[in-house]
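Please read these numbers as outputs of a predicted model, since none were measured by experiment. Proteins get letters first, then strands, A, B, ... in listed order; numbering begins at 1 in each.
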Amino acid sequence: MAHDALLRVEGLSVDFQTSRGLARAVDDVSFSIKRGETLALAGETGCGKSVTARSILRLVPQPPGIYSAGSIYFQGIEESEPLDVLEASEQQVRALRGDRIAMVFQDPSKALNPALTIGRQLGEVFAEHREASVFESAGLGTRSRGASRYLRHRGGLVRRTAYRFTHPSATKRLTDALDERVLQALAETGVPNPRKVMTSYPHELSGGMKQRVMIAQALACDPDLLIADEPTTALDVTIQARILDLLSELQERKGTAILYITHDLSLVRQIADRLAVMYAGRIAEIGDCRDLLSTPLHPYTQGLMNAIPRAETKRGELAAIPGTVPVLIDAPRQCHFVSRCSWAGEACTTHIPRESHPLPDRQVSCLRFESAAAVGAAPGDMPEQYASAEVTT
Amino acid sequence: MTISDDVQVPGAVASRRSLITLRDVAVHYPVKEGVLQRVTSHVKAVDGVSLTIPRGSTVGLVGESGCGKTTLGKVIAGLESPTSGDLWFDLDPSDAENVDRLRNRDPKSMSGEDRETWQRLQGQHRLGSMSREFQGRYRRNCQVVFQDAFSSLNPRQLVRDIVGRPLRVYNEASGENLNQQVLELLERVGLGPQHLLRYPHQFSGGQRQRISIARALALNPEFIILDEPTSALDVSVQAQILNLLVSLQREFELTYLFITHDLGVVEHMSDEIAVMYLGRLVEQGPTREVFDNPFHPYTEVLRDSNPSLTGDSVADGHRRLTGSVPNPIDPPTGCRLHPRCPVAVSTCGWRVDDVLEQLEVSSPASFEGIEAVERSSEFSAVIRLTDDDASRAMAHEVTDLRGALGNVEVDVRRDGKELRVDLPEVDDITLEVIEPGRMSACVHAQSGNWWNK
Ligand SMILES: Nc1ncnc2c1ncn2[C@@H]1O[C@H](COP(=O)(O)OP(=O)(O)OP(=O)(O)O)[C@@H](O)[C@H]1O
Ligand SMILES: Nc1ncnc2c1ncn2[C@@H]1O[C@H](COP(=O)(O)OP(=O)(O)OP(=O)(O)O)[C@@H](O)[C@H]1O
Ligand code: SF4
Ligand code: SF4
Ligand SMILES: [Mg+2]
Ligand SMILES: [Mg+2]
């Protein structure tokens with residue numbers, strides 16, 4: 001068992017019940033993340049990136065979601081045995097969320113509570129996960145139940161508390177300590193006027209500011225693993241760069257591992273150690289980030305790289321991959337990319353590609369990298385074999 | 001602080017008809033505070049924007065998150081009323097000239113002919129004052145595709161009803177005819193009859209974006225505001241949507257305002273680009289020229305912060321911007337970038353607040369000794385300290401600060417424990433034409449003393 005892996009996802013499959021049958025959103029996905037490593041997850045809209053990410057925190061709603069197969073092992077720093085998130089008790093999972101594993105969601109407006117000020121929402125995080133240290137900075141050594149309840153009330157968890165009437169000065173110190181924490185967390189993300197932001201409601205903030213609030217919230221508890229689901233998609237490049245600096249600084253200081261979901265491949269190149277490319281619920285290719293981007297091997301990854309607007313591309317002539325993603329309800333046992341792939345052969349419609357390792361630290365799932373004998377198909381049905389000369393591009 | 005009347009018109013492309021013309025448009029959102037929810041200040045989301053969008057072109061709008069791009073788009077779409085300024089629709093070059101000549105004049109002082117022209121322009125071309133008929137025409141002609149297609153599509157409506165709604169509202173079609181038209185619209189964006197009776201959640205992100213585009217096309221608009229239409233999509237779907245937008249533009253001679261953070265996309269799609277910072281336009285010009293040779297330091301920083309697919313260098317342009325993003329409630333004077341600008345000089349609009357902010361960083365101890373600051377303007381204040389020694393020390397510190405403030409002339413006079421600080425008054429720095437078609441709101445470009453050449 002590899003002990004340097006913080007997270008191991010093994011054979012994960014997630015289905016959704018739909019009116020037309022079971023839809024497979026994630027299909028036999030495996031990958032691992034080492035401590036302090038950044039793994040980027042890229043791929044077509046709807047290919048299952050967010051569902052994979054949410055599964056790690058067991059946040060896929062059940063129903064309609066079903067964890068059909070696989071395990072997700074999280075090796076927390078103190079535990080000797082890794083925890084299988086999918087088998088763990090509700091209590092164990094709740095202890096992970098927001099504390100050991102934090103997540104920044106794709107859509108900040110859905111993740112923020114519209115009825116609470118930003119200060120309160122962030123306060124809630126500190127109150128829940130960092131109660132002891134808030135008490136300490138307030139100069140209150142012992143935690144009474146009343147004080148604890150008050151803190152949560154401030155954070156918005158409990159509506160009423162009598163503590164504030166019986167202990168006015170401790171209340172003030174607690175409030176100040178909590179506010180100070182929130183303020184600092186916000187300031188670290190570079191939001192303008194953090195004091196003002198604290199008293200704002202989500203609808204008063206621009207998309208970019210909301211996302212930075214989300215990031216402040218996620219970083220608040222120094223998690224072991226940060227799952228960032230397209231956290232900077234809504235931000236301009238200068239603020240994006242700043243947040244990436246912030247993340248990498250955190251990573252260096254705390255050894256945080258990051259799972260970074262994005263469809264921006266140039267961004268991936270700048271931040272990630274490794275890259276996994278997903279297509280229709282499966283991992284198409286995974287490997288060292290820069291190598292993968294300079295020599296993509298899977299036909300889908302190659303298609304993605306070609307679709308990026310470049311200075312020399314004529315307007316309106318971007319090389320989009322033809323066709324659309326297949327519907328994954330009762331999908332046939334085949335390569336899901338087959339209807340869009342220019343290499344496809346007959347065997348691609350009857351076999352699910354297995355993992356091959358054509359390069360060091362590269363794993364590709366495509367029949368071009370498998371032998372007819374290993375697949376058990378007639379040689380004439382195979383797609384043209386990959387020739388290593390192609391790598392020289 | 002008024003701008004002289006004879007400045008060259010920003011964004012005027014003399015030879016072409018201008019579909020949208022903005023003049024000094026501002027949107028200030030009230031900020032309410034306290035139990036009584038009293039309006040205590042305003043967020044200057046858009047603050048004095050003049051922009052011309054030529055017919056048939058694509059103008060890209062880029063800028064910092066929260067700088068007011070969406071708000072500006074909403075104003076143009078008529079979804080938000082400007083606090084001040086005016087917005088004109090479909091002006092030919094001579095009308096555009098008339099607008100600029102007459103808009104700051106009192107109609108009473110105009111000649112009879114001018115007054116007639118002015119009334120015609122107001123009644124037929126100006127959003128807010130034009131007649132119902134023209135207003136209706138404008139609404140139909142101007143459509144928006146929002147960034148988040150999911151939340152802008154009603155989840156309980158079928159695609160047929162979503163796309164058909166504008167047709168029904170404007171009584172364009174009903175019954176079988178409606179279905180037929182919706183089908184044609186769906187086909188235009190690459191969807192088929194099998195999609196007609198589905199709900200938005202049954203589509204992928206790219207397909208939903210296509211549905212929004214189909215809806216926007218329903219009334220055959222001339223102009224579409226695209227607010228980050230592909231930000232949530234992967235590059236392959238993005239390529240399909242962008243190709244689609246280009247072919248629709250060619251077929252129907254559409255005009256686009258394209259708002260995005262993706263500089264690669266904006267470079268690919270737009271003829272002209274407008275760069276915004278904190279409610280203002282700071283640079284405008286032909287896209288390629290602007291990126292190749294920016295006339296504003298903020299544009300340069302943006303360009304150099306953009307991660308690249310090739311090369312080993314890390315995009316670190318953002319590190320040149322010091323300090324934090326300023327508060328849009330009380331934006332910096334002069335040039336709004338000056339507190340963060342890497343190449344700021346003495347004429348960039350330094351004010352008393354800049355001096356205080358610098359003092360807080362460089363001499364925190366004396367800063368603590370400030371008892372009161374009485375401002376007589378943004379550029380002039382009396383700082384009262386605890387005692388004479390403190391004011392003497394601070395007088396030196398302020399003088400030493402000049403380097404951090406672009407070597408601005410700070411006039412410091414001491415009177416006992418009071419310190420009078422005066423800085424040169426600087427008007428707001430606005431877009432000026434630097435070369436034909438290229439505008440910048442940077443003093444370097446305006447004076448010809450380039451920071452980068
Ligand atoms: N709650 C749900 N109910 C039913 N289907 C769902 C649900 N959530 C996700 N799905 C389906 O699972 C698939 C994968 O979705 P997911 O959100 O993971 O895509 P993604 O890769 O994150 O895409 P994007 O880049 O657009 O965010 C999609 O086909 C989606 O329709
Ligand atoms: N309804 C509102 N009330 C108060 N302030 C608002 C409102 N809408 C927007 N603002 C503020 O106006 C400013 C401009 O917001 P806007 O959404 O136009 O920015 P943007 O450039 O589109 O940003 P982004 O790139 O993040 O989408 C922001 O400071 C925002 O907080
Ligand atoms: S397995 Fe076949 S269809 Fe799939 S990507 Fe490889 S060549 Fe193309
Ligand atoms: S005017 Fe130019 S040099 Fe001065 S602060 Fe603005 S951008 Fe910088
Ligand atoms: Mg997603
Ligand atoms: Mg916006």
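Between chain B and the residues A:I239, A:T18, A:T199, the most heavy-atom pairs under 4.5 angstrom are made by A:I239. When the candidates B:S270, B:G68, B:G66 are compared by the number of heavy-atom contacts under 4.5 Å with chain A, B:S270 comes out ahead. Of the residues considered (B:L242, B:L233, B:V31, B:V265), B:L233 shows the highest number of contacts with chain A, using heavy-atom pairs under 4.5 Å.
Neither the backbone nor the side chain of B:I241 comes within less than 4.5 Å of any heavy atom of chain A. Heavy atoms of A:R195 lying under 4.5 Å from chain B are absent altogether. In this structure, the portion of A:E317 lying under 4.5 Å from any heavy atom of chain B is its backbone and not its side chain. For A:K196, the part lying under 4.5 angstrom from a heavy atom of chain B is the side chain only. No part of B:S247 comes within reach of chain A, as not one of its non-hydrogen atoms sits under 4.5 angstrom from that chain. At a 4.5 Å heavy-atom cutoff, B:D330 makes no contact with chain A through either its backbone or its side chain. Contact annotation for B:L245: neither backbone nor side-chain heavy atoms come within less than 4.5 Å of a heavy atom of chain A. Contact of A:D245 with chain B is made through the side chain alone, with heavy-atom distances under 4.5 Å. For B:R303, no part sits under 4.5 Å from any heavy atom of chain A, backbone or side chain. For A:R315, the parts sitting under 4.5 Å from any heavy atom of chain B are the backbone and the side chain alike.
Heavy atoms only, all atoms of each residue included: A:L318 and B:N243 are closest at O-ND2, 2.9 Å. Minimum heavy-atom separation, A:R269 to B:S308: NH1-O, 3.4 Å. Heavy-atom minimum distance, A:L265 versus B:V235: CD1-CG2, 4.4 Å.
Between the B:R319 side chain and the A:A241 main chain, no donor and acceptor come within less than 3.5 Å of each other. Side chain of B:Q240 to main chain of A:P322: no donor-acceptor pair is present (N/O by atom type, distance under 3.5 Å, no hydrogens or angles). Without hydrogens or angle criteria, B:D234 side chain to A:H263 main chain gives no donor-acceptor distance under 3.5 Å. No donor-acceptor pair under 3.5 Å is formed between the side chain of A:D236 and the backbone N or O of B:H261.
Residues B:M269 and A:P309 form no side-chain contact, since every pair of their non-hydrogen atoms from C-beta on lies 4.5 Å or further apart. Counting heavy atoms from C-beta outward, A:R242 and B:S305 have side chains that stay 4.5 Å or more apart.
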Show your working on side chain to side chain contact (heavy atoms under 4.5 Å, CB included) between A:R340 and B:S236 and close with a plain yes or no.
CA-CA 12 Å; A:R340 308 174 72 184; B:S236 170; 4.0 Å; yes

Verdict with supporting geometry, A:E44 and B:V237, side chain to side chain contact (heavy atoms under 4.5 Å, CB included):
CA-CA 8 Å; A:E44 188 119 357; B:V237 179; 3.6 Å; yes

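Remark: A:L244 CG to B:H318 NE2 distance equals 7.5 Å, nearest 0.5 Å. Here the straight-line distance linking atom CD of B:E267 with atom OG1 of A:T313 works out to 10.0 Å at 0.5 Å rounding. Rounding to the nearest 0.5 Å gives a distance of 10.0 Å between CG of A:D264 and OG of B:S231. Annotation: the span from B:H268 atom NE2 to A:I308 atom CD1 amounts to 12.5 Å, rounded to 0.5 Å.
In this structure, A:E252 places its CD atom where only 12 or fewer heavy-atom neighbours from other residues, nucleotides or ligands lie under 6.0 Å away. Atom CD of B:Q194 has more than 12 heavy atoms from other residues, nucleotides or ligands within 6.0 Å.
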